[in-house]
Amino acid sequence: MPLRFYNTLTSSVEDFQPIQDMVVRMYVCGPTVYDYCHMGHARSYIVFDVIRRFLKYRGYNVIYVQNFTDVDDKILRRAAEMNLTPLEISRRYIAAYFEDFDRLNVMRADYYPRVSENMDSILDMIKRLVEKGYAYESDGSVYFSIDRMTEDVGALSHQSYEALRVGARVEVDERKRNPMDFVLWKASKPGECIYWDSPWGKGRPGWHIECSAMSIKLLGEQIDIHGGGMDLVFPHHESEVLQSEAFTGKKPFAKYWIHNGFLLINKEKMSKSLGNFFLIRDVLKQYPPEVVRFFVLNTNYQSPLDYSDAALEEAKKGYARLQNAVAEIQSRLGQPDGDPSGQDVARIAEESRAKFDAAMDDNFSTREALAEAFDFTREINRLMSGSLSHDELNQIMALYAHFSDILGIRWTAPAGEDVLSSELLKLIVDIRQAVRKKKDFETSDLIRSRLKDLGITIEDTKEGIKIKKS
RNA sequence: GCAGGGAUGGCAGAGCGGCUAAUGCGGCAGACUGCAGAUCUGUUUUUUGGGAGUUCAACUCUCCCUCCCUGCACCA
(Lines give C-alpha, C1' and ligand atoms only; values in the text may rest on other atoms or scores of the structure.)
Protein backbone atom coordinates (compact mmCIF):
# COMPACT_ATOMS: atom_id res chain seq x y z
CA MET A 1 0.00 0.00 0.00
CA PRO A 2 1.41 3.38 -0.96
CA LEU A 3 1.92 6.21 1.48
CA ARG A 4 -1.21 8.24 1.84
CA PHE A 5 -2.31 11.03 4.12
CA TYR A 6 -4.90 13.68 4.67
CA ASN A 7 -4.62 16.76 2.50
CA THR A 8 -6.36 19.84 3.86
CA LEU A 9 -6.55 21.24 0.36
CA THR A 10 -8.81 18.47 -0.90
CA SER A 11 -10.09 17.48 2.55
CA SER A 12 -9.48 13.86 1.79
CA VAL A 13 -6.88 11.19 2.22
CA GLU A 14 -4.73 10.97 -0.91
CA ASP A 15 -1.92 8.80 -2.18
CA PHE A 16 1.31 10.72 -2.00
CA GLN A 17 2.90 11.55 -5.32
CA PRO A 18 5.54 14.28 -5.16
CA ILE A 19 5.83 16.76 -8.00
CA GLN A 20 9.33 15.56 -8.83
CA ASP A 21 10.04 11.88 -8.45
CA MET A 22 11.60 11.02 -5.09
CA VAL A 23 12.22 14.63 -4.06
CA VAL A 24 10.00 16.13 -1.40
CA ARG A 25 10.03 19.87 -0.86
CA MET A 26 8.55 20.55 2.51
CA TYR A 27 7.93 23.81 4.33
CA VAL A 28 6.70 24.04 7.90
CA CYS A 29 5.65 27.31 9.50
CA GLY A 30 7.99 28.00 12.36
CA PRO A 31 7.54 29.98 15.55
CA THR A 32 7.47 33.68 16.15
CA VAL A 33 10.47 33.98 18.38
CA TYR A 34 9.41 36.35 21.12
CA ASP A 35 9.27 33.81 23.95
CA TYR A 36 10.27 30.27 24.86
CA CYS A 37 8.47 27.58 22.91
CA HIS A 38 5.49 25.91 24.54
CA MET A 39 4.06 22.44 24.28
CA GLY A 40 1.90 23.43 21.31
CA HIS A 41 5.06 24.11 19.35
CA ALA A 42 6.51 20.86 20.64
CA ARG A 43 3.59 18.91 19.29
CA SER A 44 3.69 20.54 15.90
CA TYR A 45 7.40 20.18 15.30
CA ILE A 46 7.57 16.65 16.68
CA VAL A 47 4.76 15.65 14.33
CA PHE A 48 6.46 17.14 11.29
CA ASP A 49 9.78 15.71 12.41
CA VAL A 50 8.24 12.25 12.32
CA ILE A 51 6.64 12.88 8.94
CA ARG A 52 9.99 13.97 7.61
CA ARG A 53 11.78 10.97 9.13
CA PHE A 54 9.27 8.59 7.61
CA LEU A 55 9.49 10.18 4.17
CA LYS A 56 13.26 9.82 4.33
CA TYR A 57 12.88 6.20 5.34
CA ARG A 58 10.61 5.68 2.34
CA GLY A 59 13.49 6.80 0.18
CA TYR A 60 12.55 10.38 -0.55
CA ASN A 61 15.13 13.09 -0.63
CA VAL A 62 13.40 15.53 1.69
CA ILE A 63 14.33 19.18 1.64
CA TYR A 64 12.91 20.56 4.86
CA VAL A 65 12.52 24.26 5.53
CA GLN A 66 11.27 25.83 8.71
CA ASN A 67 11.23 29.57 9.15
CA PHE A 68 11.68 31.80 12.14
CA THR A 69 9.44 34.85 12.28
CA ASP A 70 11.84 37.31 13.79
CA VAL A 71 10.10 40.56 12.82
CA ASP A 72 6.66 40.93 14.33
CA ASP A 73 4.49 43.09 16.59
CA LYS A 74 4.92 40.76 19.52
CA ILE A 75 8.67 40.84 19.19
CA LEU A 76 8.64 44.62 19.07
CA ARG A 77 6.55 44.74 22.21
CA ARG A 78 8.78 42.26 23.97
CA ALA A 79 11.85 44.20 22.94
CA ALA A 80 10.44 47.37 24.39
CA GLU A 81 9.62 45.57 27.65
CA MET A 82 13.05 44.07 27.96
CA ASN A 83 14.87 47.09 26.69
CA LEU A 84 16.58 45.18 23.92
CA THR A 85 16.46 45.42 20.15
CA PRO A 86 13.98 43.17 18.34
CA LEU A 87 16.76 41.19 16.75
CA GLU A 88 18.41 40.64 20.12
CA ILE A 89 15.12 39.22 21.34
CA SER A 90 14.68 36.95 18.38
CA ARG A 91 18.29 35.78 18.50
CA ARG A 92 17.89 34.86 22.14
CA TYR A 93 14.72 32.85 21.56
CA ILE A 94 16.06 31.17 18.46
CA ALA A 95 18.93 29.91 20.59
CA ALA A 96 16.37 28.71 23.14
CA TYR A 97 14.42 27.03 20.34
CA PHE A 98 17.44 24.95 19.39
CA GLU A 99 18.10 24.02 22.99
CA ASP A 100 14.55 22.79 23.43
CA PHE A 101 14.17 20.97 20.15
CA ASP A 102 17.61 19.39 20.21
CA ARG A 103 16.65 17.90 23.54
CA LEU A 104 13.40 16.68 22.02
CA ASN A 105 15.46 14.97 19.33
CA VAL A 106 13.82 16.94 16.53
CA MET A 107 16.13 16.77 13.52
CA ARG A 108 17.50 20.06 12.32
CA ALA A 109 15.86 21.48 9.22
CA ASP A 110 17.89 21.96 6.06
CA TYR A 111 17.17 25.67 6.13
CA TYR A 112 15.95 28.06 8.81
CA PRO A 113 15.18 31.25 6.93
CA ARG A 114 14.46 34.38 8.94
CA VAL A 115 12.39 37.34 7.89
CA SER A 116 15.13 39.81 8.74
CA GLU A 117 17.54 38.04 6.42
CA ASN A 118 15.18 37.70 3.47
CA MET A 119 13.94 41.24 3.04
CA ASP A 120 15.02 41.38 -0.62
CA SER A 121 12.92 38.39 -1.60
CA ILE A 122 9.97 39.68 0.38
CA LEU A 123 10.19 43.14 -1.18
CA ASP A 124 10.62 41.69 -4.67
CA MET A 125 7.51 39.63 -4.22
CA ILE A 126 5.45 42.55 -2.98
CA LYS A 127 6.68 44.77 -5.81
CA ARG A 128 5.76 42.16 -8.37
CA LEU A 129 2.31 41.72 -6.84
CA VAL A 130 1.75 45.45 -7.09
CA GLU A 131 2.95 45.44 -10.72
CA LYS A 132 0.62 42.61 -11.58
CA GLY A 133 -2.27 44.47 -10.01
CA TYR A 134 -2.79 42.09 -7.11
CA ALA A 135 -1.72 44.58 -4.50
CA TYR A 136 -1.98 48.28 -3.87
CA GLU A 137 -0.32 50.91 -1.76
CA SER A 138 -2.37 52.82 0.76
CA ASP A 139 -1.00 55.28 3.25
CA GLY A 140 2.51 53.79 3.12
CA SER A 141 1.29 50.20 3.55
CA VAL A 142 0.68 47.65 0.84
CA TYR A 143 -2.36 45.40 0.81
CA PHE A 144 -3.16 42.27 -1.11
CA SER A 145 -6.31 42.85 -3.09
CA ILE A 146 -8.77 40.03 -2.75
CA ASP A 147 -11.06 41.27 -5.53
CA ARG A 148 -9.34 39.48 -8.42
CA MET A 149 -9.09 36.28 -6.45
CA THR A 150 -12.56 35.89 -4.98
CA GLU A 151 -12.97 32.58 -6.81
CA ASP A 152 -9.88 31.23 -5.09
CA VAL A 153 -10.67 32.44 -1.60
CA GLY A 154 -11.45 29.64 0.81
CA ALA A 155 -9.61 26.92 -1.10
CA LEU A 156 -8.00 25.65 2.08
CA SER A 157 -10.54 26.54 4.69
CA HIS A 158 -13.34 25.37 2.39
CA GLN A 159 -15.46 28.42 2.75
CA SER A 160 -16.92 30.61 0.06
CA TYR A 161 -15.88 34.20 -0.40
CA GLU A 162 -19.43 35.17 0.53
CA ALA A 163 -19.40 33.14 3.72
CA LEU A 164 -16.10 34.59 4.78
CA ARG A 165 -17.17 38.09 3.94
CA VAL A 166 -20.31 37.75 6.03
CA GLY A 167 -18.49 36.09 8.87
CA ALA A 168 -15.67 38.60 8.95
CA ARG A 169 -15.68 40.12 12.37
CA VAL A 170 -12.75 42.36 11.82
CA GLU A 171 -13.36 46.03 12.18
CA VAL A 172 -13.06 47.76 8.88
CA ASP A 173 -9.71 49.30 8.26
CA GLU A 174 -10.16 52.53 6.33
CA ARG A 175 -7.01 51.93 4.36
CA LYS A 176 -8.26 48.68 2.88
CA ARG A 177 -10.36 48.71 -0.26
CA ASN A 178 -12.01 45.47 0.75
CA PRO A 179 -12.21 44.41 4.39
CA MET A 180 -10.83 41.02 3.43
CA ASP A 181 -7.66 42.42 1.93
CA PHE A 182 -4.64 41.63 4.03
CA VAL A 183 -1.46 43.53 4.61
CA LEU A 184 1.75 42.66 2.78
CA TRP A 185 3.80 45.61 3.96
CA LYS A 186 3.16 47.61 7.10
CA ALA A 187 4.22 51.24 7.17
CA SER A 188 6.37 52.04 10.17
CA LYS A 189 4.63 53.68 13.06
CA PRO A 190 6.40 56.53 14.79
CA GLY A 191 8.84 55.26 17.37
CA GLU A 192 9.25 51.77 15.94
CA CYS A 193 12.90 50.94 16.04
CA ILE A 194 13.07 48.32 13.33
CA TYR A 195 12.21 49.00 9.72
CA TRP A 196 13.41 48.54 6.17
CA ASP A 197 13.32 50.93 3.25
CA SER A 198 10.86 50.19 0.50
CA PRO A 199 9.35 51.96 -2.51
CA TRP A 200 6.46 52.85 -0.20
CA GLY A 201 8.60 54.23 2.59
CA LYS A 202 9.93 52.70 5.78
CA GLY A 203 8.15 49.65 7.07
CA ARG A 204 8.23 45.93 7.63
CA PRO A 205 6.51 42.91 6.11
CA GLY A 206 3.12 41.60 7.07
CA TRP A 207 2.92 38.16 8.53
CA HIS A 208 1.78 36.02 5.62
CA ILE A 209 4.15 37.23 2.94
CA GLU A 210 7.32 35.93 4.58
CA CYS A 211 6.41 32.27 4.26
CA SER A 212 5.51 32.60 0.59
CA ALA A 213 8.64 34.55 -0.24
CA MET A 214 11.00 32.28 1.65
CA SER A 215 9.34 29.10 0.46
CA ILE A 216 9.55 30.20 -3.16
CA LYS A 217 13.13 31.34 -2.73
CA LEU A 218 14.38 28.13 -1.16
CA LEU A 219 12.07 25.49 -2.59
CA GLY A 220 10.74 26.92 -5.82
CA GLU A 221 7.37 28.10 -7.04
CA GLN A 222 5.56 24.91 -6.20
CA ILE A 223 6.24 22.62 -3.29
CA ASP A 224 5.04 19.22 -2.20
CA ILE A 225 4.10 19.65 1.44
CA HIS A 226 3.28 22.70 3.45
CA GLY A 227 2.62 22.12 7.12
CA GLY A 228 1.67 23.86 10.30
CA GLY A 229 -0.81 23.96 13.12
CA MET A 230 -4.52 23.75 12.48
CA ASP A 231 -4.92 27.34 13.57
CA LEU A 232 -2.85 28.50 10.62
CA VAL A 233 -5.25 27.24 7.98
CA PHE A 234 -7.09 30.49 8.09
CA PRO A 235 -6.04 33.14 7.48
CA HIS A 236 -2.33 32.49 7.31
CA HIS A 237 -2.16 29.61 4.87
CA GLU A 238 -5.13 30.84 2.93
CA SER A 239 -3.31 34.11 2.35
CA GLU A 240 -0.14 32.31 1.41
CA VAL A 241 -1.96 30.42 -1.28
CA LEU A 242 -3.56 33.55 -2.73
CA GLN A 243 -0.46 35.69 -2.83
CA SER A 244 1.84 32.89 -4.01
CA GLU A 245 -0.41 31.80 -6.82
CA ALA A 246 -1.02 35.40 -7.84
CA PHE A 247 2.74 35.91 -7.87
CA THR A 248 3.77 32.79 -9.79
CA GLY A 249 0.64 32.25 -11.84
CA LYS A 250 1.00 28.57 -10.96
CA LYS A 251 -1.38 26.34 -9.07
CA PRO A 252 -1.16 24.80 -6.63
CA PHE A 253 1.37 26.62 -4.49
CA ALA A 254 1.61 23.52 -2.34
CA LYS A 255 0.29 20.16 -3.50
CA TYR A 256 -0.36 18.78 -0.03
CA TRP A 257 -1.26 20.70 3.10
CA ILE A 258 -0.84 18.97 6.45
CA HIS A 259 -2.18 20.46 9.67
CA ASN A 260 -1.73 19.14 13.16
CA GLY A 261 -4.43 19.34 15.83
CA PHE A 262 -4.38 21.48 18.91
CA LEU A 263 -2.92 20.85 22.25
CA LEU A 264 -5.45 21.11 25.05
CA ILE A 265 -4.66 21.63 28.69
CA ASN A 266 -7.05 19.67 30.86
CA LYS A 267 -9.60 19.68 28.03
CA GLU A 268 -9.33 23.42 27.46
CA LYS A 269 -7.65 24.95 24.48
CA MET A 270 -4.19 26.03 25.38
CA SER A 271 -3.78 29.72 24.90
CA LYS A 272 -1.43 32.34 26.05
CA SER A 273 -4.28 34.63 27.03
CA LEU A 274 -5.80 32.00 29.32
CA GLY A 275 -2.36 31.53 30.79
CA ASN A 276 -2.73 27.77 30.62
CA PHE A 277 0.35 27.01 28.62
CA PHE A 278 3.42 25.01 29.45
CA LEU A 279 6.89 25.77 28.23
CA ILE A 280 8.85 22.88 26.81
CA ARG A 281 11.75 23.59 29.13
CA ASP A 282 9.49 23.41 32.17
CA VAL A 283 7.93 20.14 31.09
CA LEU A 284 11.40 18.73 30.47
CA LYS A 285 12.27 19.39 34.08
CA GLN A 286 9.64 16.83 35.02
CA TYR A 287 9.71 14.37 32.16
CA PRO A 288 12.47 13.15 29.89
CA PRO A 289 12.23 14.09 26.21
CA GLU A 290 11.42 10.50 25.25
CA VAL A 291 8.29 10.62 27.38
CA VAL A 292 7.24 13.91 25.84
CA ARG A 293 7.66 12.48 22.36
CA PHE A 294 5.82 9.32 23.34
CA PHE A 295 3.00 11.45 24.73
CA VAL A 296 2.73 13.45 21.51
CA LEU A 297 2.93 10.47 19.18
CA ASN A 298 0.51 8.37 21.16
CA THR A 299 -2.28 10.40 19.59
CA ASN A 300 -2.70 10.81 15.87
CA TYR A 301 -1.50 14.15 14.71
CA GLN A 302 -4.85 15.52 13.61
CA SER A 303 -6.73 14.83 16.84
CA PRO A 304 -6.77 17.18 19.78
CA LEU A 305 -4.15 16.19 22.32
CA ASP A 306 -5.00 16.71 25.95
CA TYR A 307 -2.08 17.60 28.17
CA SER A 308 -2.53 16.65 31.81
CA ASP A 309 -0.44 15.15 34.58
CA ALA A 310 -2.36 11.91 34.20
CA ALA A 311 -1.66 11.78 30.47
CA LEU A 312 2.05 12.40 30.96
CA GLU A 313 2.22 9.80 33.71
CA GLU A 314 0.56 7.34 31.40
CA ALA A 315 3.01 8.17 28.64
CA LYS A 316 5.82 7.64 31.10
CA LYS A 317 4.58 4.17 31.92
CA GLY A 318 3.97 3.29 28.32
CA TYR A 319 7.44 4.38 27.35
CA ALA A 320 8.88 2.44 30.28
CA ARG A 321 7.25 -0.73 29.01
CA LEU A 322 9.05 -0.47 25.70
CA GLN A 323 12.23 0.71 27.29
CA ASN A 324 12.30 -2.14 29.81
CA ALA A 325 12.28 -4.63 26.98
CA VAL A 326 15.10 -2.83 25.18
CA ALA A 327 17.12 -2.64 28.39
CA GLU A 328 16.67 -6.36 28.90
CA ILE A 329 17.80 -7.11 25.36
CA GLN A 330 20.86 -4.94 25.73
CA SER A 331 21.70 -6.49 29.05
CA ARG A 332 21.57 -9.95 27.46
CA LEU A 333 23.74 -8.82 24.60
CA GLY A 334 26.30 -7.90 27.23
CA GLN A 335 26.32 -11.44 28.51
CA PRO A 336 27.70 -14.63 26.95
CA ASP A 337 25.81 -15.87 23.90
CA GLY A 338 22.81 -18.06 24.65
CA ASP A 339 21.09 -20.88 22.80
CA PRO A 340 18.70 -19.91 19.99
CA SER A 341 15.06 -19.74 20.95
CA GLY A 342 13.92 -22.25 18.39
CA GLN A 343 11.43 -19.65 17.19
CA ASP A 344 11.56 -17.83 13.87
CA VAL A 345 12.64 -14.54 15.37
CA ALA A 346 13.53 -13.04 12.00
CA ARG A 347 10.02 -13.67 10.73
CA ILE A 348 8.40 -12.23 13.86
CA ALA A 349 10.46 -9.07 13.53
CA GLU A 350 9.80 -8.81 9.81
CA GLU A 351 6.04 -9.09 10.24
CA SER A 352 6.05 -6.55 12.99
CA ARG A 353 8.09 -4.12 10.94
CA ALA A 354 5.67 -4.48 8.05
CA LYS A 355 2.73 -3.66 10.30
CA PHE A 356 4.52 -0.72 11.84
CA ASP A 357 5.38 0.68 8.41
CA ALA A 358 1.86 0.09 7.14
CA ALA A 359 0.49 2.11 10.04
CA MET A 360 2.85 4.96 9.18
CA ASP A 361 1.92 4.70 5.50
CA ASP A 362 -1.69 5.23 6.50
CA ASN A 363 -1.77 8.94 7.33
CA PHE A 364 1.24 8.71 9.63
CA SER A 365 -0.75 6.81 12.27
CA THR A 366 1.83 6.96 14.99
CA ARG A 367 -0.56 5.67 17.57
CA GLU A 368 -1.26 2.62 15.47
CA ALA A 369 2.47 2.21 14.94
CA LEU A 370 3.07 2.37 18.68
CA ALA A 371 0.35 -0.22 19.21
CA GLU A 372 2.37 -2.48 16.94
CA ALA A 373 5.50 -1.73 18.93
CA PHE A 374 3.63 -2.87 22.02
CA ASP A 375 2.44 -6.05 20.34
CA PHE A 376 5.99 -6.78 19.33
CA THR A 377 7.20 -6.06 22.83
CA ARG A 378 4.79 -8.50 24.39
CA GLU A 379 5.93 -11.16 21.98
CA ILE A 380 9.57 -10.42 22.77
CA ASN A 381 8.97 -10.43 26.51
CA ARG A 382 7.40 -13.85 26.11
CA LEU A 383 10.42 -15.07 24.17
CA MET A 384 12.71 -13.65 26.80
CA SER A 385 11.38 -16.01 29.42
CA GLY A 386 13.60 -18.48 27.53
CA SER A 387 16.99 -18.34 25.92
CA LEU A 388 17.89 -16.19 22.93
CA SER A 389 21.05 -16.10 20.89
CA HIS A 390 22.93 -12.90 20.28
CA ASP A 391 22.02 -13.20 16.66
CA GLU A 392 18.33 -13.25 17.53
CA LEU A 393 18.72 -10.45 20.03
CA ASN A 394 20.38 -8.34 17.37
CA GLN A 395 17.49 -8.95 15.00
CA ILE A 396 15.08 -7.81 17.69
CA MET A 397 17.20 -4.82 18.53
CA ALA A 398 17.30 -3.81 14.88
CA LEU A 399 13.54 -3.42 14.89
CA TYR A 400 13.58 -1.33 18.04
CA ALA A 401 16.20 0.82 16.35
CA HIS A 402 13.83 1.20 13.43
CA PHE A 403 11.00 2.32 15.73
CA SER A 404 13.41 4.76 17.25
CA ASP A 405 14.59 6.12 13.90
CA ILE A 406 11.07 6.83 12.72
CA LEU A 407 9.49 8.06 15.93
CA GLY A 408 12.60 9.77 17.21
CA ILE A 409 12.11 8.14 20.59
CA ARG A 410 15.44 7.00 21.97
CA TRP A 411 15.65 3.91 24.15
CA THR A 412 18.62 5.01 26.15
CA ALA A 413 19.11 8.43 27.60
CA PRO A 414 22.02 10.33 26.12
CA ALA A 415 25.13 9.86 28.23
CA GLY A 416 26.19 12.68 30.45
CA GLU A 417 26.56 11.45 33.98
CA ASP A 418 29.80 11.91 35.81
CA VAL A 419 32.07 9.06 36.74
CA LEU A 420 32.04 9.64 40.47
CA SER A 421 28.31 9.37 40.90
CA SER A 422 28.08 6.22 38.83
CA GLU A 423 30.92 4.66 40.81
CA LEU A 424 29.23 5.64 44.05
CA LEU A 425 26.03 4.09 42.86
CA LYS A 426 27.86 0.89 42.06
CA LEU A 427 29.34 0.93 45.56
CA ILE A 428 25.94 1.36 47.18
CA VAL A 429 24.45 -1.44 45.13
CA ASP A 430 27.37 -3.73 46.05
CA ILE A 431 26.83 -3.01 49.74
CA ARG A 432 23.16 -3.76 49.36
CA GLN A 433 24.02 -7.10 47.73
CA ALA A 434 26.28 -7.94 50.66
CA VAL A 435 23.58 -7.31 53.27
CA ARG A 436 21.05 -9.19 51.19
CA LYS A 437 23.34 -12.20 51.22
CA LYS A 438 23.18 -12.04 54.99
CA LYS A 439 19.37 -11.84 54.71
CA ASP A 440 19.35 -8.43 56.26
CA PHE A 441 16.36 -7.42 54.19
CA GLU A 442 15.52 -4.53 56.42
CA THR A 443 18.72 -2.77 55.43
CA SER A 444 18.55 -3.79 51.79
CA ASP A 445 15.00 -2.50 51.50
CA LEU A 446 15.99 0.73 53.15
CA ILE A 447 18.74 1.23 50.57
CA ARG A 448 16.36 0.40 47.76
CA SER A 449 13.68 2.74 48.97
CA ARG A 450 16.12 5.61 49.60
CA LEU A 451 17.55 5.20 46.10
CA LYS A 452 14.02 5.15 44.74
CA ASP A 453 13.46 8.54 46.35
CA LEU A 454 16.40 9.78 44.30
CA GLY A 455 14.83 8.44 41.11
CA ILE A 456 16.98 5.32 40.96
CA THR A 457 15.11 2.05 40.80
CA ILE A 458 16.78 -1.19 41.82
CA GLU A 459 15.34 -4.45 40.61
CA ASP A 460 16.46 -7.88 41.74
CA THR A 461 16.19 -10.40 38.95
CA LYS A 462 17.47 -13.86 38.24
CA GLU A 463 20.15 -12.42 35.99
CA GLY A 464 21.30 -9.94 38.60
CA ILE A 465 20.65 -6.39 39.69
CA LYS A 466 19.02 -3.94 37.31
CA ILE A 467 19.47 -0.23 37.85
CA LYS A 468 17.06 2.21 36.25
CA LYS A 469 17.10 5.94 36.42
CA SER A 470 14.06 8.08 35.80
C1' G B 1 -24.87 32.42 11.25
C1' C B 2 -21.16 29.81 7.97
C1' A B 3 -17.44 25.98 7.77
C1' G B 4 -14.79 21.77 9.78
C1' G B 5 -14.00 17.76 13.44
C1' G B 6 -15.99 14.70 17.24
C1' A B 7 -19.27 11.42 20.78
C1' U B 8 -16.31 3.85 21.40
C1' G B 9 -15.23 -0.52 27.46
C1' G B 10 -13.14 2.39 34.62
C1' C B 11 -9.77 6.09 31.80
C1' A B 12 -6.97 7.40 27.25
C1' G B 13 -7.67 6.14 22.33
C1' A B 14 -7.65 2.97 17.29
C1' G B 15 -10.06 0.30 13.58
C1' C B 16 -13.32 -2.01 10.22
C1' G B 17 -19.88 -3.64 6.32
C1' G B 18 -19.49 -9.75 8.88
C1' C B 19 -13.93 -12.80 11.93
C1' U B 20 -11.62 -12.35 19.81
C1' A B 21 -13.75 -4.03 19.06
C1' A B 22 -6.56 -2.77 18.55
C1' U B 23 -3.04 -0.78 21.97
C1' G B 24 -1.73 1.58 26.58
C1' C B 25 -3.05 2.89 31.64
C1' G B 26 -5.94 1.38 35.92
C1' G B 27 -8.63 -2.64 38.98
C1' C B 28 -8.89 -7.91 40.28
C1' A B 29 -6.87 -13.07 40.28
C1' G B 30 -2.87 -16.44 39.15
C1' A B 31 2.59 -17.60 37.83
C1' C B 32 7.59 -15.90 39.20
C1' U B 33 9.92 -13.35 43.84
C1' G B 34 12.62 -13.04 50.85
C1' C B 35 9.65 -8.64 49.70
C1' A B 36 9.16 -5.11 45.89
C1' G B 37 9.76 -4.40 40.75
C1' A B 38 9.85 -6.10 35.78
C1' U B 39 7.48 -9.83 32.88
C1' C B 40 3.77 -13.50 31.47
C1' U B 41 -1.49 -15.56 31.75
C1' G B 42 -6.57 -14.72 32.69
C1' U B 43 -10.30 -11.15 33.93
C1' U B 44 -12.53 -6.29 33.99
C1' U B 45 -15.21 -5.86 27.89
C1' U B 46 -21.42 -9.22 23.84
C1' U B 47 -20.25 -3.38 23.79
C1' U B 48 -19.48 1.44 20.46
C1' G B 49 -24.28 9.43 22.37
C1' G B 50 -30.12 8.94 21.21
C1' G B 51 -33.75 7.57 17.32
C1' A B 52 -35.11 5.75 12.42
C1' G B 53 -33.54 3.54 7.78
C1' U B 54 -30.42 0.57 4.06
C1' U B 55 -28.47 -4.61 4.41
C1' C B 56 -28.59 -11.60 5.03
C1' A B 57 -25.18 -8.62 8.42
C1' A B 58 -23.62 -1.77 11.10
C1' C B 59 -19.55 0.42 15.95
C1' U B 60 -18.53 0.88 10.67
C1' C B 61 -23.26 3.43 5.24
C1' U B 62 -27.84 7.18 4.96
C1' C B 63 -31.19 10.59 7.51
C1' C B 64 -32.86 13.12 11.94
C1' C B 65 -31.93 14.60 17.09
C1' U B 66 -28.84 15.79 21.45
C1' C B 67 -24.24 17.27 23.22
C1' C B 68 -18.93 18.72 22.74
C1' C B 69 -14.64 20.95 20.34
C1' U B 70 -12.34 24.25 16.57
C1' G B 71 -11.88 28.27 12.89
C1' C B 72 -14.13 32.79 10.77
C1' A B 73 -8.24 38.11 9.17
C1' C B 74 -2.20 38.30 11.64
C1' C B 75 -2.05 32.30 18.13
C1' A B 76 1.89 25.89 16.18
Exercise. Would one find a side-chain N or O of A:Ser303 under 4.0 angstrom from OP1 or OP2 of B:A14?
Worked result: yes
Exercise. Which is true for A:Asp445 with a 4.0 Å heavy-atom rule: it touches a base, it touches only sugar-phosphate, or it touches nothing?
Worked result: base
For this session: Tell me what A:Arg367 touches on the nucleic acid: a base, only sugar-phosphate, or nothing, going by heavy atoms under 4.0 Å.
Result: base
Exercise. How is A:Phe374 classified with respect to the nucleic acid when contacts are heavy atoms under 4.0 Å: base, sugar-phosphate, or nothing?
Worked result: sugar-phosphate
Problem set entry | Side chain to side chain, A:Phe48 and A:Asn260, heavy atoms closer than 4.5 Å | yes
Exercise. Contact class for A:Lys186 (heavy atom, under 4.0 Å): base, sugar-phosphate, or nothing?
Worked result: base
Exercise. If you measure from the P atom in B:G5 to the same atom in B:A38, how many Å do you get, rounded?
Worked result: 42 Å
Exercise. For the residue pair A:His236 and A:His208, does the interplanar ring angle fall in the parallel (under 30°), tilted (30 to 60°) or perpendicular (over 60°) class?
Worked result: tilted
Problem set entry | Short side-chain N/O contact to B:G26 OP1/OP2 from A:Lys317, under 4.0 Å | yes
Exercise. With sugar-phosphate meaning primed atoms plus P, OP1 and OP2, does A:Arg448 contact a base, only sugar-phosphate, or nothing at under 4.0 Å between heavy atoms?
Worked result: base
Exercise. Mind checking the C1' distance from B:A58 to B:C68? Whole angstroms is fine.
Worked result: 24 Å
Problem set entry | Under 3.5 Å on both distances, the Watson-Crick or G-U partner of B:G53 | B:C61
Problem set entry | Pair assignment for B:A38, Watson-Crick or G-U wobble, requiring both distances under 3.5 Å | none
For this session: May I ask you to say what A:Gly40 touches in the nucleic acid, namely base, sugar-phosphate or nothing, with a heavy-atom cut-off under 4.0 Å?
Result: base
For this session: For A:Lys439, answer base if it contacts any base atom (sugar-phosphate contacts may also be present), sugar-phosphate if it contacts only those atoms, and nothing otherwise; contact means non-hydrogen atoms under 4.0 Å.
Result: nothing
For this session: Give the nucleotide from the list B:G34, B:U23, B:C25 with an atom nearest to the side chain of A:Asp375.
Result: B:U23
Exercise. Would you say A:Arg321 reaches B:U39's phosphate, i.e. side-chain N/O to OP1/OP2 under 4.0 Å?
Worked result: yes
For this session: Name the nucleic acid region contacted by A:Leu264, choosing base, sugar-phosphate or nothing; use a 4.0 angstrom heavy-atom cut-off, strictly under.
Result: nothing
Problem set entry | Parallel, tilted or perpendicular, as decided by the 30° and 60° cut-offs, for the rings of A:Phe356 and A:Phe403 | tilted
Exercise. Just wondering, do A:Glu210 and A:Arg114 contact through their side chains at under 4.5 Å, heavy atoms?
Worked result: no
For this session: Would you indicate which nucleotide in B:A14, B:C40, B:A73 comes nearest to any side-chain atom of A:Arg378?
Result: B:C40
Problem set entry | Phosphate contact (B:C40 OP1 or OP2) by A:Asn381 side-chain N/O below 4.0 Å | yes
For this session: For the side chain of A:Phe234, starting at C-beta, report the closest nucleotide among B:C74, B:A73, B:C75.
Result: B:A73
For this session: Indicate yes or no: at least one non-hydrogen side-chain atom of A:Glu81 is less than 4.5 angstrom from one of A:Arg77.
Result: yes
Exercise. Using the benzene-type ring in the case of Trp, are the ring centres of A:Tyr27 and A:Tyr111 under 6.0 Å apart?
Worked result: no
For this session: Identify, between A:Gly206 and A:Leu305, the residue whose nearest nucleotide on RNA chain B lies closer to the 5' end.
Result: A:Leu305
Exercise. Is there a donor on the side chain of A:Arg436 or the base of B:G34 sitting less than 3.5 Å from an acceptor on the other?
Worked result: yes
